[in-house]
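Working notes, beginning with the structure itself.
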Protein chains: 2
Amino acid sequence: MSQEKTVYSKLRSMILNGAFDAGERLTELKVCEALGVSRTPVRAALLQLASQNLVIGQSNRGYTVRGITVEDVWGANVVRSVLEGAAAGMVAREGVDGDVRDTLEQSLKDYGQLARHVELSDDFLNNHSAANRVFHETIVSASKNESLFRSIETLAYMPVQINRVVFASDRDFAIQTVQSGLAEHQSVLAAMLSGDGMAAELLMRTHSQKALRGIEHVQGVLGLGPEYRQMPFHKFIGGLGISVVAAE
Amino acid sequence: MSQEKTVYSKLRSMILNGAFDAGERLTELKVCEALGVSRTPVRAALLQLASQNLVIGQSNRGYTVRGITVEDVWGANVVRSVLEGAAAGMVAREGVDGDVRDTLEQSLKDYGQLARHVELSDDFLNNHSAANRVFHETIVSASKNESLFRSIETLAYMPVQINRVVFASDRDFAIQTVQSGLAEHQSVLAAMLSGDGMAAELLMRTHSQKALRGIEHVQGVLGLGPEYRQMPFHKFIGGLGISVVAAE
DNA sequence: CCACCCTCGAATGTATACAAAGTATTCTGG
DNA sequence: CCAGAATACTTTGTATACATTCGAGGGTGG
């Protein structure tokens, strides 16, 4: 599960970046040759990718690659926002533990520091990403619902973290997103602390959906028509000169 | 992926029914001996089970079985209700297609027929289960969100369909559940047809959460104290003399 | 007596050979 | 020339042998 992860990881990256056509038959041998390993680790990788819906497996007939469109990424983000909203609502209703509150407030401080001078350096993007992740993951964990946690984690197998990509395309958009993000985090936390589950859920959901704005923004930058949602995601992102690097 | 599914299926069933202790180390060889097959299909099965969170895998250190508690099943149902609610809301906002509407109305008719005379026969339970499934799955499919669909599907790897089990324990409970279920399906559909996304979401979520009532009902029947949520689920269900048989 | 290191063992990771299943091609009969 | 069946080939499913890695246990030196 570790060294094989390299195989898995490479294959995954290849698929996400369009090394194979959508719907293309993916024989084990083809992958073996492409990666220079035997069938055993390839089979394991394909099984995992199938559980993430990146390839589609049929009994005794191997796998085909499932092309990821912009709409797929959009849809995954919608689901994520629904789940994160639910998590916030649950935490609000059950009450916020002291240490959870501390962690969230600390992440707000970090986030606030960053919001003061937005850069597009790798350092900044990493720090921003980290502070943002702490906030979101802390809330999900605090819901103490393993299925909820896992569902969101599984979604991350899709390329859901697109802000980082989008930021690179437009500094003003980055500044605006970071600053409004801070305000939204604050209002989510306030709602959770006041025990208002409904408000916390809606605020968190709305905030989470901001990722969709990033997609629309890229559409605008690239001047794409309304049919862009059917585009392969890697081509969409490729328009910015960036390749797809998803979590895990 | 087909014949190996037998291995997967057997192992899965064994785990859900408590053939192994929670936290027990599950070496490949042990499973090989138990099922009489070689390590290759066992590895595949374990990989899939790990993606379903039924076993926990660590790099180079094999797997341990993750005991499923009542709380786990509870939590999975909470997530399912959130997702199904979101699906209903999305469908309501985007408008209900004609064929979707037809399918839903037909399922309501079928459901209505069943609600008139509730039995506990296998036939009845199968029919009820089917009509119910059509309603829920049609809505989720109609949302046209692959991630949403897959997320719910993945949750089904947990034993989420508990009504069938619960019905067997109490005829009055079954009657009441079926009849209120019909009314709830009707109001969900009405909200969707009127385009009221918020109402549809809340009604569907509330309806979906009725599964949780089933769990509480079993608790009552068995006379368990509040600590029952930490019980292994198979023991909980075993109190009714029934073994765990989950979807797929 | 304790701490550190070394060695041994058990279990996973990988490669390959063989079996089974499915698909495509070809050959034969009408 | 076409239809159907048999055969050959491609590809997945399974079994097993070998390599690697991690952990446990014992032994040695301080």
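First the proteins, then the strands, lettered A, B, ... as listed; each starts at 1. Treat the numbers as computed from the prediction; the structure is a model and nothing was measured.
Spacing between atom CD of B:Gln58 and atom P of C:dA11 amounts to 15 Å, rounded to whole angstrom units. Atom CZ in A:Arg39 sits about 9 Å away from atom C1' in D:dT14, given to the nearest Å. Rounded to a whole Å, the CG atom of A:Asn60 is 18 Å from the P atom of D:dT10. Rounded to an integer number of Å, the gap from B:Leu47 CG to C:dT12 P is 12 Å. Here D:dA15 presents its C1' atom at 15 Å from CG of B:Leu35, a figure rounded to the nearest Å. When the C1' atom of D:dT11 is taken as reference, atom CD of A:Glu24 falls 16 Å away, rounded to whole Å. At whole-Å resolution of the value, CD in B:Glu28 and P in D:dC22 are 16 Å apart.
Of the two residues near DNA chain C, A:Arg61 and A:Ser38, the one whose nearest nucleotide lies more 5' is A:Ser38. Comparing A:Thr40 and B:Leu29, the nucleotide of DNA chain C nearest to each residue sits closer to the 5' end for B:Leu29.
Look at A:Arg43 and you'll find a side-chain N or O under 4.0 angstrom from OP1 or OP2 of D:dG13.
A donor-acceptor distance shorter than 3.5 angstrom exists from the side chain of A:Asn145 to the backbone of A:Ser147, with no hydrogens or angles considered.
Between B:Tyr228 and B:Phe236, a ring centre-to-centre spacing shorter than 6.0 Å is recorded.
Counted within 6.0 Å of NZ on B:Lys210, heavy atoms from surrounding residues, nucleotides or ligands total more than 12; the atom is thus considered enclosed. By the neighbour-count criterion of 12 heavy atoms within 6.0 Å, atom NZ of A:Lys30 is densely surrounded, having more than that number from other residues, nucleotides or ligands.
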